[in-house]
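Report on the following structure.
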Amino acid sequence: MQVDEPVLLPRLSRVAVCGGTHGNELSGVYLVREMLKAERRKEDGEPASVLMVLSNPRAMQQCSRYVDTDLNRCFTHATLNGPISEGAPYEIFRARELNALLGPKGSRAAVDLICDLHNTTANMGLCFIAYSDCDWICLHIFRYLQKLMPDTPMRFIHFDVSTKESYSLDSIGKHGFAMEIGPQPHGCVKSNIYTAMKEGVQHMRDWVSCFNSGCVFEGGPVDVFTMVKNVDYPRDSETFNITAAIHPRLQSRDFCLLHPGEPLFQAFSGETIKYKGNEPLYAFFINECAYYEKGIALSLARKKRVTVPSIRVQTDEEERASEQSFASEEEE
């Protein structure tokens, strides 16, 4: 039987783990704080340089999602590079600071991998959220966590957005994903959610070390949920106040397959409002607390199976050859 040669990928020399991008999502805040304390106590360096970042310190102090505007929407090319006034929101300035620290976004100087830690009030388990469904690094890390954390519900969510329009902190890195874990109310921390995040981050760091040491990671299938659209709550045409809540049959059933005609909302007046879509789609971020202000009651996705190839790190010689080839192509 013929075995496919693994895809060769550059070493992950610089890795960042970020918490507190939303200042009231506390698992990531407390985990990064603990990692920073452990790093200060440690004498031996890590095989890969891991930078721990508390992303939005002012929002963390207030235990609020943000101070002026959502930091995790401030990393588009236009926001990072456009004109800025002295009175701009705090998070715009902070996004540029983070871009200078971890990027610049889209450049060869950017960190190799960013893992940004988030909590959701939705019943989503542990999710990776990424902008690519063919980033073999992120997909292999996801497969690794699936294997080592079999009792934790785990999904890979793909936002099909271009590099310039990608808006979240993890998009600064050459590779990046948000690790989103719930359900956990904002402004508090639950031990089981914190522990799952801690375990996931440690497995991610172990995977990076193994990859950099030359291990071959065998390929295989991954189910990917590609976001199709967001659905808002029904609203009053004059006041724009919501007039319904998520239907009890749908609440807390993230990643169930929602069929046309099934209950979607229950109006405050009592009647059931059904899903009127043209196709069955998978519901997630159901009744996320932070999304009321964004006009999102839930998101809908299509599921597909992606075949991930085997990979290994490039040797020094292979990396030099790759860089020479890249330089030659640029000259042409």
Side-chain angles (χ1 to χ4, degrees), residues 14-40 50-106 109-111 113-122 127 129 131 159 165-173 176-190 193-194 197-198 201 285 288-296:
R14 299 175 62 223
V15 176
V17 177
C18 304
T21 301
H22 293 136
N24 60 355
E25 296 179 12
L26 297 188
S27 293
V29 171
Y30 287 117
L31 179 55
V32 171
R33 283 175 175 166
E34 286 299 306
M35 292 169 67
L36 285 166
K37 284 196 291 187
E39 193 70 15
R40 286 193 289 268
V50 178
L51 178 63
M52 274 76 76
V53 179
L54 291 168
S55 309
N56 195 337
R58 289 193 190 176
M60 287 163 47
Q61 287 176 345
Q62 299 178 11
C63 196
S64 59
R65 183 174 175 86
Y66 54 80
V67 177
D68 295 320
T69 193
D70 192 336
L71 177 62
N72 215 37
R73 302 297 183 271
C74 292
F75 295 94
T76 64
H77 180 81
T79 303
L80 290 174
N81 298 285
I84 188 169
S85 65
E86 288 186 10
Y90 160 71
E91 278 82 7
I92 301 294
F93 290 102
R94 183 58 180 156
R96 295 189 177 209
E97 291 174 357
L98 291 166
N99 189 47
L101 175 67
L102 303 173
K105 178 176 177 175
V111 297
L113 174 66
I114 296 177
C115 171
D116 192 28
L117 304 175
H118 289 266
N119 290 122
T120 174
T121 62
C127 294
I129 304 177
Y131 291 105
F159 286 177
E165 296 301 317
S166 56
Y167 48 75
S168 55
L169 172 58
D170 52 276
S171 69
I172 293 177
F177 61 90
M179 184 184 291
E180 184 97 42
I181 308 184
Q184 177 173 283
H186 297 320
C188 73
V189 61
K190 292 169 65 178
I193 300 296
Y194 173 87
M197 180 177 283
K198 181 178 181 179
V201 169
F285 273 129
E288 161 58 47
C289 168
Y291 287 176
Y292 276 68
E293 69 177 30
K294 299 182 187 299
I296 298 173

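Just so it is clear, the values below take in all heavy atoms, side chains as well, and ignore hydrogens, waters and symmetry mates. Predicted, not measured: the structure shown is a model, and the values here were computed from it.
- Residue M60 is tested with V67, V29, T21, L26 for a side chain to side chain contact (heavy atoms under 4.5 Å, CB included); the sole match is V29.
- N119 places a side-chain N or O within donor-acceptor distance of the main-chain N or O of I181, the cut-off being under 3.5 Å.
- Taking the ring centre of F93 as origin, the terminal cationic atom of R96 falls outside the region bounded by 6.0 Å and 45° from the ring axis.
- Put simply, CG on L98 and NZ on K105 are 12.5 Å apart, with the number rounded to the nearest 0.5 Å.
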### Task
Starting from the C-alpha separation in whole Å, work towards a yes-or-no answer on side chain to side chain contact (heavy atoms under 4.5 Å, CB included) for M197 and E180.
CA-CA 9 Å; M197 180 177 283; E180 184 97 42; over 6 Å; no
### Task
For side chain to side chain contact (heavy atoms under 4.5 Å, CB included), just list the numbers for L31 and V201, CA-CA rounded to whole Å, side-chain angles, deciding distance to a tenth of an Å, and then say yes or no.
CA-CA 9 Å; L31 179 55; V201 169; 3.9 Å; yes
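- Looking at R94 and E97, a side-chain N of the basic residue comes within less than 4.0 Å of a carboxylate O on the acidic one, giving a salt bridge.
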### Query
Given the rule in the side chain to side chain contact (heavy atoms under 4.5 Å, CB included) test, do Y194 and K198 qualify, once you have shown the distances and angles that lead to the verdict?
CA-CA 6 Å; Y194 173 87; K198 181 178 181 179; 4.1 Å; yes
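- For Q61, there are no side-chain contact (heavy atoms from CB on, under 4.5 Å) partners, not counting sequence neighbours.
- Counting heavy-atom neighbours within 6.0 Å of K190 NZ, excluding the residue itself, gives a total above 12.
- Applying the side-chain contact (heavy atoms from CB on, under 4.5 Å) test to R73 and every residue at least two apart in sequence or in another chain returns R65, D70, Y167, Y291, K294.
- Under a 3.5 Å cut-off, the side chain of E25 and the backbone N or O of H118 do not form any donor-acceptor pair.
- Of the residues L101, V17, I114, V15, the one that meets the side chain to side chain contact (heavy atoms under 4.5 Å, CB included) test with L51 is L101.
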